[in-house]
Peer 1: 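One structure coming up, written as C-alpha cells, with questions to follow.
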Amino acid sequence: MNKGLRNLAKGAACGAGLLATLGTAQAEELKIGMITTLSGGGSSLGIDVRDGFLLAVKQSGAGDVEVIVEDDARKPDLAKQIADKFIQRDKVDILTGIIWSNLAMAVVPASVRQGVFYISPNAGPSALAGKGCHENYFNVAWQNDNLHEAMGGYVQANGFKKPFILAPNYPAGKDALTGFKRFYEGDLAGEVYTKLGQTDYAAEIAQIREAKPDSIFFFLPGGMGIAFMKQLAQSGLDTAVFGPAFSFDQGILKAVGDAALGVKNTSQWSKDIDNPANKAFVEAFQAEYGRLPSLYASQGYDAANLILAAKGKAGGAGDKAAFRSALKAADFASVRGPFKFAANHHPVQDIYVREVVKEGEVLTNKIVGVGLQDHANAYVGDCKM
Amino acid sequence: MPAFLASVSSREGMVNAVLAGLLLAAPLIAFTLDEPFYISLATRVAILALAGVGLNLALGYGGMVSFGHAAFFGLGGYVAGIAAFHAFDGSDFIVWPLTLGGTDQLLIIWPLTVLVVAVVAFAIGVISLRTSGVYFIMITLAFAQMIYYLAISIPTYGGEDGLAIYLRNQLPLGDSNDPLTFFFVCYGMLLLALFVSSRLVASPFGVALQCARMNEVRLATMGIAPFPVKLTAFVISGVITGIAGALFADLNGFVGPSMLSWHRSGEIMIFVILGGVGRLFGPLAGAALFILLESLIGGMTDRWQLFLGAILLGVVLFARGGLIGLLAGRARHD
Amino acid sequence: MSVAFLIEQLLNGVQFGVMLFLMAAGLTLVFGVMGLINLAHGSLFMLGAFFCSWIAGITGSFWLGLGGGFLAAAAAGALIEMLVIRRLYDRDHLDQVLATFALILIFSELVRWVFGDQPLYLDIPPLLSGALPLPGGGGYPVYRFAIILAGLATALGLYLLIAKTRLGMRIRAGESDREMIGALGVDIRTLYTAVFALGAALAGFAGGMVGALQSVQVGMGEPVLILAFVVIVIGGIGSVKGALIGSVLVGLTDTLGRVFLPQVFKLVLPASEATAVGSALASVAIYLLMAVILAWRPKGLFPVNA
C-alpha cells in the first residue's frame, strides 16, 4: 500500500475494519471483504495477495468499490469470525483473500450458502472443486493439484524414470503427491510424508541418498521448503530437483539463496509471460511497492480484475444471477494470458515450467517450457452445480 | 439474581451478576438493532467462557494446570463434526460391534460428547496425575499434541483441512440456526456449568479438591485419598470444555485440528488467568475481554497482536488476581 | 539398508538432539535457578537467528553474525529480565505463562516490523561447507558435525561454569535456597539477570546455528520451544545433564521414528497407506516417549532436589 492509501486506510478504520476506500465518496455499489494472513509466519503471502488486489482496484479508478481488509493470523476460527463480521455487519457482496486451504474450508462453505460470492485468490482444496463445489464459489488461482500435476507430466515427458517424491503429511500434501502421480506413471524411487512444520530434513535426505533417484519432486510450502533446499544443497547431493512454484517464488527465493539456482518449478504465472497485461502489471507493481511481484500478487491482481470486469458487465453485484454469469464469463485481461473457467469454477489454463536464474544479483524465474496446456482439474466430473 | 451468583463475596456477586447481565443484554440489543454479527460474537464469548469454566475447575480450584485442554475442546468439536458428517453423508459412524449412523440431533450429540470426552479425560488423567507441577503442565500438553497430530494425519475426517458442518445440528424445540436461539442455548449451557461449578466447589467434594490443591498430605491424613478427588475433577473439567468444543463447532460450522492445537490450550488458559484464577466468573470476564480486544484491535491494524500482547502483559503485571480481582478485590483464600 | 545409512541416521538423530539441547539448556537453567517458565525462550531463539542473518548479510561473515546473534539475544534477555521477568519470580507459574506468552506476541510483531515480512537468508560459512566421508560410503555435512561439537562444547562449558566457577557456585546456591544466599550478601538481582541473559544468549546462539540450516522467519521459535520443553521435562527440570540426555533421546526417537516406522508398516500394509500411518505415528513418537517416561518416572530421568 502506498503512504497515502495507508493513511487513508488508517483514518477510516476506527473499529470498523481496515478500510481502503478508494476514489471519492459515491454510492457504494460493490463491497469486498478481504480476509487474509497479514501477521505471523505466512504473512508475506497474504500481504502479496492484498497488495496485488488493491493495486488492481486502484488502477481501475472505480470510485464505487470498497475493500475491507482484515488479518486472520492463519487461524480458521478467527477467519470465520471475520467472515461473519463482514457478511452480517458490513454486508459485503464478495469475500476473498484466504491463503490456506484449512481456513478456506472453515469460511467458504458457510459463506457461499448465505448468498455471498467467494473469489479465491489462492487456496483451492479438492473438497471445494468436487462434491463441495458451489455456484457462488470461484477460484481464480488454481485447483490445489494443478501445479503438481503439471510437474508430474513434465518429469514423465523428460524421461525421468525414478523420481523420489515427498510432501508433508496433511491433505494438501497428499493431494500434491496424488496429483504428481496422476500425470507421472512410471516407477518411484521412494515416497515420503514428512511432519507438517518440520524443519530438519537430514533423515529424509539420507533416505533420498540411499534410494539413488534420478530426480526429486517435493512439495514443502513456506519455511519447510527453504529448510529442505538449503539442507539438500549442503548434503552434496546433486540430483535434479522439481517442485511447484511455492518454494521458488519471488518472495521466498532470497531466503533459499543460490541453492535454488537451476531448479525447475511449475507455475501458472511468471513475470516474463509475454502479454501486455502482464507487462503493465509487473511494472506497476514495482512502481507502487518497490519490489518484484510474486505469484500470489498476480493472483490477487487477477482476482480483483475478474471482479471488476464482472461488475462492469453486470452493473454491480445486486443482480446475483447476472453477476454470477459475468464472473463465469471471466471477461478480463488476465496476466496469465487466455483465461477461462471450467464447469466447477476453477481455471482452465496453461501451466508453465520455470527455471530459477540470476538476473544480475537477483534470483528470479524464467519460463523454459509448458507443463500442461489448457489444463482444468480432476474434479470437474464430481461437481454437480 | 440466582443465589449461586452471590455465593462468593457480595461485591464479587455483584460483579458476576453484572457480567452475566451484560452478556445477556448484548445480543438482545444487537437483535433489536438488527446487527446479527454481535449476536454471534456474544455466542462466541459464551462458548469460550464455558471452555474456561471447565478449565477453571481443574486449574483454579484443583491446582491442576492443564496445558492440554484443547484436546477436550477439539474432541468435543470432532464429535459434533463427525456425527454431522455422517448424517449429511448418510454413512455409518461405527460399524462394529454395533452399527451407529451419524446424527444431527444435539440431544444425542451432547451426551455422546460427554461420554467420549469423559473416557479420554479419564485415560489422560490417570497417567498425568501421577505427576505434578511443571511435569503435569507438560504431560497434558504431550497428550494434546498426540491427538493434534493424529487429527492432522487422518484423512477420513479432513486432516488439517478439517470438516465443514454444512447444516447446524438440530434441537427438538426451536431452530438452532436462528442466531438468537443458538445464543440462548450456549448462554444456558454457560449458566448451567457455572451453577454446577459453584455447587461442586461448595460441596464436601469441592472442599476436598481445594484442600488437595493446597496440601495433599493433610488431605490424605484426613483419610481422603487425593488422587480420586483430583481425577474426578479433571474429568468433569474436561467434559465441560468438551461441550464447549461441540458448541463451538456448531457455531462455526466447522471443526479442524486448530481446535486441538497448543495455541488453543494456551488461549483457554489465558481466559482463566486474565479473568482471575479460581474465580467463578473469571473465565467469562477473561474470554469477553480477549474476544473483544481481538475483534476490535484486529479491525484497526494488522499489528494487532503487538497491542494484544502489551495489554495482556499489563494485566499480568499490574492487575494481580485478574479482572475479577481488579473489580471485586482479592479472593477469600490464598 | 546399508551400514552407512544406519550410521548416518544415528548421526542425524544425535545432531537433532544436540540442536535441541542448545535450546533446552537455557530453558532448564532459568527454570532451575529462578523457577521461571519462560515461553518466550523461543522468541530469543528467533531473535538470535534474525540478528545473525542480518549481520551476516551486511558484513558477509557468518561468524560475526553468530556473535551478533549471541549478544543481541543476551541483551534482549537482560532487558526483558529487568523490565518484566523480575516481577514474575514470586508469582505462580500461571502468571509467568501468561506474561511470557504476551512477550511472544510482542517479539513476533516487533521482529516482523523491523526485519520485514519475508524470510531472511542465512547460509553456512564456507569453512564448514562440504561433507566428510562416512565408513561404508556416503558423506555427512561438516556443518552438522560442527553443530554436534558446538552442542557438546556448550554442555561441557555449562558443566564447568556451574561446577567450578564462583558464579556457578552462586547459581547452585540460588537453586537450593535463594533467601539464604541473599542473606549472605550475594546480589540476587544481578545474579538472576546474568543467568537469564546467559540462557537467552544460548537460545540466540542456537538460533544462529540452526538458522543457517533452515529458514529464518517469524514463528520459527515456537515448534522448537515445545520440543525443548519436552526435552527438559524428560530429563528432569533444572538438570543440565538431564537436558543433554533428554535431547539426544528425543532427537533419536524423532529421527529414527520418521525413517523406520513407515518401513515397519510396509511389512503389513500396502505402501502408500504404510507411509501415511507410519508418518502419523512418527509425528507423535516423541510425545509418546515423554508420556511413557513421565508415567514411569513422574519427575523425569534426573530429578533435581530428589
Side-chain angles (χ1 to χ4, degrees), chain A residues 9-10 13-19 36-40 43 46-47 50 68-82 84-90 100-111 113 123 125-128 132 168-175 193 195-196, chain B residues 30 33-41 43-44 47-48 73 77 88-89 148-155 157-168 179 248-249 251-259 261 263-264 267 291-292 294-306 308:
Chain A
K10 276 186 185 150
C14 298
L18 185 70
L19 292 172
T36 196
T37 305
L38 302 171
S39 67
S43 60
I47 288 169
R50 179 195 66 189
I68 326 171
V69 186
E70 198 162 327
D71 173 31
D72 59 33
R74 205 177 172 172
K75 292 184 188 161
D77 62 287
L78 185 56
K80 180 66 172 66
Q81 180 183 323
I82 299 168
D84 285 348
K85 179 156 79 180
F86 283 171
I87 296 173
Q88 295 170 359
R89 192 187 70 186
D90 302 311
W100 318 99
S101 293
N102 58 332
L103 273 69
M105 288 305 293
V107 167
V108 175
S111 304
R113 274 169 182 74
S126 51
L128 295 178
N169 195 21
Y170 77 124
K174 283 175 190 147
D175 285 354
Y193 287 111
K195 187 159 130 183
L196 189 65
Chain B
L33 296 177
D34 195 24
E35 285 282 3
F37 168 65
Y38 295 99
I39 304 178
S40 74
L41 201 64
T43 314
R44 190 174 298 269
I47 293 173
L48 292 174
F73 191 70
F88 191 72
D89 212 25
Y148 170 74
Y149 278 112
L150 287 179
I152 281 192
S153 14
I154 294 171
Y157 298 120
E160 146 128 331
D161 281 356
L163 271 180
I165 303 175
Y166 290 106
L167 300 167
R168 191 172 280 171
F248 198 66
L251 171 72
N252 286 331
F254 173 78
V255 54
S258 69
M259 280 178 73
S261 76
H263 289 102
R264 176 65 64 190
E267 234 170 70
I291 297 297
L292 280 180
E294 188 179 71
S295 184
L296 208 66
I297 316 177
M300 285 194 270
T301 161
D302 37 319
R303 303 236 178 264
W304 59 279
Q305 302 204 22
L306 182 62
L308 184 65

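Reminder, nothing fancy here: chain letters follow the sequence lines and each chain counts from 1. Side chains included, hydrogens not; waters and symmetry mates left out as well; all remaining heavy atoms used.
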Peer 1: Please report the shortest heavy-atom distance between A/Lys85 and B/Ser295, naming the atom on each side.
Peer 2: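 Taking every non-hydrogen atom into account, NZ-O, 3.3 Å.
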
Peer 1: Only counting residues at least two apart or in another chain, list the ones meeting salt bridge (Lys or Arg N to Asp or Glu O under 4.0 Å) with A/Asp175.
Peer 2: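 Expected list: none.
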
Peer 1: In Å and rounded to the nearest 0.5 Å, what is the CG to CE distance from B/Leu163 to A/Met105?
Peer 2: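 Answer rounded to 0.5 Å: 8.0 Å.
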
Peer 1: In Å and rounded to the nearest 0.5 Å, what is the CG to OH distance from A/Leu196 to B/Tyr148?
Peer 2: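 One gets 6.0 Å once the value is rounded to the nearest 0.5 Å.
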
Peer 1: Output the option from B/Gly158, B/Pro36, B/Ala164 having the highest count of non-hydrogen pairs under 4.5 Å with chain A.
Peer 2: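 Most heavy-atom pairs within the cutoff with chain A belong to B/Pro36.
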
Peer 1: Pair A/Trp100, B/Glu160 - check side-chain contact (heavy atoms from CB on, under 4.5 Å), show working.
Peer 2: CA-CA 10 Å; A/Trp100 318 99; B/Glu160 146 128 331; over 6 Å; no

Peer 1: Measuring from atom CZ of A/Arg89 to atom CG of B/Asp34, what distance do you get when rounded to the nearest 0.5 angstrom?
Peer 2: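 One gets 14.0 Å once the value is rounded to the nearest 0.5 Å.
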
Peer 1: For the atom pair CG (A/Asp77) and CD1 (B/Ile47), what is the distance rounded to the nearest 0.5 Å?
Peer 2: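 Here the rounded value is 10.5 Å.
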
Peer 1: Between B/Glu294, B/Met259, B/Gln305, B/Arg44, who has the most heavy-atom pairs with chain A when the cutoff is under 4.5 Å?
Peer 2: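 Heavy-atom pair counts peak at B/Arg44.
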
Peer 1: Which atoms of B/Arg264 are under 4.5 Å from chain A, going by heavy atoms: the side chain, the backbone, both sets, or neither?
Peer 2: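 Contact with chain A is through the side chain of B/Arg264 alone.
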
Peer 1: Over all heavy atoms of both residues, which pair between A/Pro125 and B/Asp161 is shortest? Give the atoms and the distance, please.
Peer 2: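 Nearest pair, atom of A/Pro125 first, then B/Asp161: CB-OD2, 4.1 Å.
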
Peer 1: Let me know if B/Phe254 has heavy atoms under 4.5 Å from chain A in its side chain, its backbone, both or neither.
Peer 2: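 Side chain of B/Phe254 only, per the 4.5 Å heavy-atom cut-off to chain A.
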
Peer 1: According to salt bridge (Lys or Arg N to Asp or Glu O under 4.0 Å), who are the partners of A/Lys80, at least two apart in sequence or on a separate chain?
Peer 2: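 A/Lys80 satisfies salt bridge (Lys or Arg N to Asp or Glu O under 4.0 Å) with A/Asp84 once adjacent residues are dropped.
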
Peer 1: Please flag which part of B/Leu41 lies under 4.5 Å from any non-hydrogen atom of chain A: side chain, backbone, both or neither.
Peer 2: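 Contact with chain A: side chain only.
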
Peer 1: For each of A/Gly173, A/Pro76, A/Ser43, A/Ala172, tally heavy-atom pairs with chain B at distances under 4.5 Å, and name the one with the top tally.
Peer 2: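 If we count pairs closer than 4.5 Å to chain B, A/Pro76 comes out on top.
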
Peer 1: A/Lys75 vs B/Ser258, test: side-chain contact (heavy atoms from CB on, under 4.5 Å). Steps then yes/no.
Peer 2: CA-CA 7 Å; A/Lys75 292 184 188 161; B/Ser258 69; over 6 Å; no

Peer 1: Which pair of heavy atoms, one from B/Tyr166 and one from A/Gly132, lies closest together, and at what distance?
Peer 2: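 So the minimum-distance heavy-atom pair works out to OH-CA, 4.5 Å.
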
Peer 1: Could you grab the distance from atom CG of A/Asn169 to atom OH of B/Tyr149, nearest 0.5 Å is fine?
Peer 2: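 A/Asn169 CG to B/Tyr149 OH: 11.0 Å, rounded to 0.5 Å.
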
Peer 1: Could you report the tightest heavy-atom contact between B/Ser40 and A/Gln88, atom names first, then the distance?
Peer 2: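 Heavy atoms only, the tightest pair is OG-OE1, 3.8 Å.
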
Peer 1: Which atoms of A/Leu78 are under 4.5 Å from chain B, going by heavy atoms: the side chain, the backbone, both sets, or neither?
Peer 2: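 For A/Leu78, side-chain heavy atoms alone lie under 4.5 Å from chain B.
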
